[in-house]
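Please read the structure below before turning to the comments.
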2 protein chains.
Amino acid sequence: MEKPATLWDRSRQAVVAEIVDTALTLFAEQGYEATTMAQVAARAGVSQRSLFRYFGTKEDLVCGEQDALGELLVATVAAQAPEVSAWDALRAGFTAILTASGHTPERVLEISTLIFANPPLRARYFEKRLKWQRALTPVIEKRMGIEPGEIPDPGAMGLIATVFACVDTASELWVRHGGKADPFELYEQALAAVRD
Amino acid sequence: MEKPATLWDRSRQAVVAEIVDTALTLFAEQGYEATTMAQVAARAGVSQRSLFRYFGTKEDLVCGEQDALGELLVATVAAQAPEVSAWDALRAGFTAILTASGHTPERVLEISTLIFANPPLRARYFEKRLKWQRALTPVIEKRMGIEPGEIPDPGAMGLIATVFACVDTASELWVRHGGKADPFELYEQALAAVRD
DNA sequence: CGACAGGTTGGCAGTGACTGCCAACCTGGC
DNA sequence: GCCAGGTTGGCAGTCACTGCCAACCTGTCG
């Protein structure tokens, strides 16, 4: 659909990435809440005003790129063959996210640790996930043979919420193991306990 | 354990309740984010400083009393007979919360609607729930015959997270039905879709 | 009754995230 | 050279929240 990828766009991307980099460095040096937006702006060489134009909130310095991942998740789930179960479709979606994040595992671990350690970040992350869940509801309802209506079906919503809960569980344990455990296996273990 | 219930304690309780009342009224009149803490303080007849001493954060005006419910939840789950399954123990815990909240259903609906409609409140609620989940982990691990260790068991964590996810699903749908649906049934429907 | 200790309150000034507004600037097309 | 549209930076303001200090209230002991 949209594929011009202007020079302007790319340079903006670069600026954003650089700001995120300096922010993460500062967060690692001083901690998240001890770092002010003014500091980030100063070290990144932009005005505070522009920093807020780029990111809107301090949390989005860390959680900002997740919107794109959410779209990928929904698209991947929707693209699964109709005979694939809701469970497997969702697993495929999360697998796609994990493999397509475009970061090194160390970077992912760093960001995840930051998020799990800071309540405001965790809250923001959760909020975004909620949007993903809402977007997935009609997709999963269709896959379960339920006619999407005004108010979502409890079964579909519960199933989605459960998968997210297990993904969260796996993520948190992965972080607490310092990235040394296999996230897929953790996810399977969590889900196995749920599904008998 | 602690049961003196000083006069002082009770009067403080009354003050807190009255402040919450005026706050909820203001939120209903103008919306949550359009209401400032200064307004709440003024109408409740306390200084802004004391208001923050009572509640700490604006969100706690709405979510403050949940700490007590969390303790009730954990205690109820722990008190179930050992042969009761983890699922049933958790259900008993949530049932206890629902019946012991000490509010009229209309009030519960009002508060729930407020929480579901305002991201910051929802985030705060989620944060508190996380603490409940962590407190429940060893209890459920024991019930599942798992030796509690340094890092929680994926199965136990996943099971707990799933129950919370389904409770959340039921709550949200209950709110979206304007309180006209049976929350227990919504919960059962959500869980049924998860457990085949 | 008066002095005293401990906890509670209110005001005040400050910090930090975030926003609206406006002027300066930079870019491309004519 | 000039103009329209979008981008930036600075400035002042709002609001949640905090530390500090002085005033106060309450109960206790002498």
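Every chain is numbered from 1 and lettered A, B, ... according to where its sequence line falls, protein lines coming before strand lines.
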| message | Tell me if the aromatic rings of B:Phe126 and B:Phe164 count as close, with their centers under 6.0 Å from one another. | response | no
| field | Short side-chain N/O contact to C:dT9 OP1/OP2 from B:Ser50, under 4.0 Å | value | no
| Given side chains that start at C-beta, do those of A:Asp88 and A:Gln80 come closer than 4.5 Å, heavy atoms only? | no
| task | Starting at atom CD of B:Gln39, determine the distance to atom C1' of D:dC17, rounded to an integer number of angstrom. | result | 17 Å
| request: Verify the neighbour count for atom CD of B:Gln30: are there more than 12 heavy atoms of other residues, nucleotides or ligands below 6.0 Å? | output: yes
| query | Between atom CD1 of A:Ile160 and atom CD of A:Gln133, what is the distance when rounded to the nearest 0.5 Å? | reply | 7.0 Å
| Rounded distance (Å) that lies between atom C1' of D:dT7 and atom CD1 of A:Ile19 | 13 Å
| message | Any side-chain N or O of A:Tyr54 below 4.0 angstrom from OP1/OP2 of D:dT8? | response | yes
| request: Classify every nucleotide of nucleotides 13-23 of chain C by which part a protein heavy atom approaches to under 4.0 Å, writing B for the base, S for the sugar-phosphate alone and - for neither, in 5'-to-3' order. | output: ---SSBBBB--
| Should side-chain heavy atoms under 4.5 Å link Ile, Leu, Val, Met, Phe, Trp and Tyr, which residues sit in the same cluster as A:Tyr54? | A:Val15, A:Val16, A:Ile19, A:Val20, A:Leu24, A:Leu26, A:Phe27, A:Tyr32, A:Met37, A:Val40, A:Val46, A:Leu51, A:Phe52, A:Phe55, A:Leu61, A:Val62, A:Ile111, A:Leu114, A:Ile115, A:Leu121, A:Tyr125
| said: Is the phosphate of D:dG9 approached by A:Ser47 (side-chain N or O, under 4.0 Å from OP1 or OP2)? | reply: yes
| Can you find a pair of side-chain heavy atoms, one from A:Lys58 and one from A:Arg124, that are under 4.5 Å apart? | no
